[in-house]
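All heavy atoms count here, side chains included; hydrogens, waters and symmetry mates do not. First listed ligand is number 1; within each ligand, the first listed atom is number 1. Worth saying up front: this structure is predicted, and the values here are computed from it rather than measured.
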Amino acid sequence: MPIDDIPELGFASLAVRAGQQRTFEGEHAEPIFATSSFVFANAAEAAARFSGTVAGNIYSRFTNPTVRVFQERLAALEGGETCIATSSGMAAILATCMALLKSGDHIVSANSIFGSTISLFTNYLSKFGIATSYVPLSNLAAWEAAIRPETRLFYLETPSNPLMELADIRALADLAHAHGCLLVVDNCFCTPALQQPFPLGADLVIHSATKYLDGQGRCVGGAVVGDRQRVGVDIYGFLRTAGPTLSPFNAWVFLKGLETLSLRMRAHSESALHLARWLEAQPAVERVYYPGLPSHPQHELAKRQQSDFGGIVSFELHGGREAAWALIDATQMISITANLGDAKTTITHPATTTHGRLTPQERETAGIREGLVRISVGLETVADIQRDLERGFQRIASHSDLSATRGEATDR
Ligand SMILES: *Cc1c(COP(=O)(O)O)cnc(C)c1O
C-alpha cells in the first residue's frame, strides 16, 4: 500500500516514509535520480508533456523524482498542501517574493531576521520598487502601525536569531489577514518537529534545509510550503523558469536528515535546556536567552506555540568582547563557526561575525552586545559540551591573559 494512502500516520512515521514511491526495482531506500532530462515513448507523449496536458517529468530544473519525495515529505510534516524545494534557503525567500510581489508592493518584516534576508529586501527588492518596513518582532502595535494600503506580506522568523525572541504567530496571522496580507514564517529554528505555523494561521512556511532539516551540516538547500496556487503554481512557475531548484543529491541528503528529525530535535532541545539552566547559574553570565527558561519573558508563549524549545542558546557575559572571545577561544571540542542546526555544537560571537556588518548603533538597537555568545547545541555528550564551556569560564575567572590563543597545547 502506498504510504500516502495510510490514514493518520504520526509525525515520526511521516518523517521516515512520506512521499516515497518505489520503482519496479523494489529498492528500500529512496533512489537518487541523477538525471538532467527524461525520455518520452514517442513524439506525441513529448508534445503532451510539454503542453502540460499530461503530467510527468521533462527536465530536472522543472521536476525530479528524488526532489519530489523530499517536497512531499516536508509538506506532510508541516501540514501544508504542497512544497517546492529550492537550491538554498535564500532562493526560497527570493522565489516567494518574485512570484507573489510586484513593483509598488510593500513588506512588513521583523527587524530580527536573517542578515541575508534583510539584504535581499533592502538592497535588491528595493531596486524593483518593493519596499520593506522593519518592526520589532514581538510588538504587535508596531506591526499594525507599519501596514500601508500596498502591504502584501508579513515576514518573520520565530524564535529570532540570536536573541531567541518569539512572535505570536496566531496574533500576527490574524492581523495580517485583517489587512489582506499574507503571513510568511521562516520556520528554520524550530522545524515542524517543534512548531507548525499553519494551524496557527501562517500562509507560507520557508525553510533553510541547510540547518536542522539536514542536521549534519552537509548540504545547502531550502523549501517553501503552502497552498497549491501560490506554491504549486506561482512560486513553482518562477523557480522552473529562473532555475534555483534543488539538486537530486541534496534532496536525498535532506530526506535522510528528515528521517531522524524528531529524535534530533528532542535531543538538541534536551541538551540545550540543560546547558541553559547551567549557564544561568554561572557568575560570569549576565543573562541567558533561551525560551525554555522561566526567566525568558515569553516562556508561556513558547510553551503554547512550540512543543519544545530548540537547540539554540545565547548568553551575555559580563566581560564584553574580551570575555566572549576568551570563552570561545578556550573551547577545545566545540566548533567555532556561524552555522547552526548541526550535530556538532557550534559557537559564535554575533557582534563580530553574523552581525558584524551592522553599525554599533544598529547592533545596540538589535540588542547584539559585545558580550553575547551564541551556541547551537549539538548531539555530543552534553557533559562534554559543558566541560568545554567550563574551560572558558575558568579562563575568564582566572583573568590571566584573556587574549591567549585558543586551545593552547592541544592538537585540535
Ligand atoms: C541560514 C538561514 C537562512 C538562509 O538559508 P541558506 O540555506 O543559507 O540560503 C534563512 N533563514 C534563516 C533563519 C537561516 O538561519
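Under a cut-off of 6.0 angstrom, the local environment of CD in Glu270 is sparse, with at most 12 non-hydrogen atoms contributed by other residues, nucleotides or ligands.
Remark: Lys211 fails to qualify as a cation-pi partner of Phe254 under the 6.0 Å distance and 45° angle criteria applied to the six-membered ring.
The immediate protein surroundings of ligand 1, defined as residues with any heavy atom under 4.0 Å of it, consist of Ser88, Gly89, Met90, Phe114, Glu157, Asp186, Cys188, Ser208, Thr210, Lys211, Val220, Gly221.
With contacts defined as side-chain heavy-atom distances shorter than 4.5 Å, the pair Glu316/Val285 does not qualify.
The aromatic ring centroids of Phe62 and Tyr236 lie 6.0 Å or more from each other.
His274 and Ser271 form no side-chain donor-acceptor contact under 3.5 Å, judged by distance and modelled atom types alone. Side chains of Thr260 and Arg264: a donor-acceptor N/O pair is present below 3.5 angstrom, by distance only.
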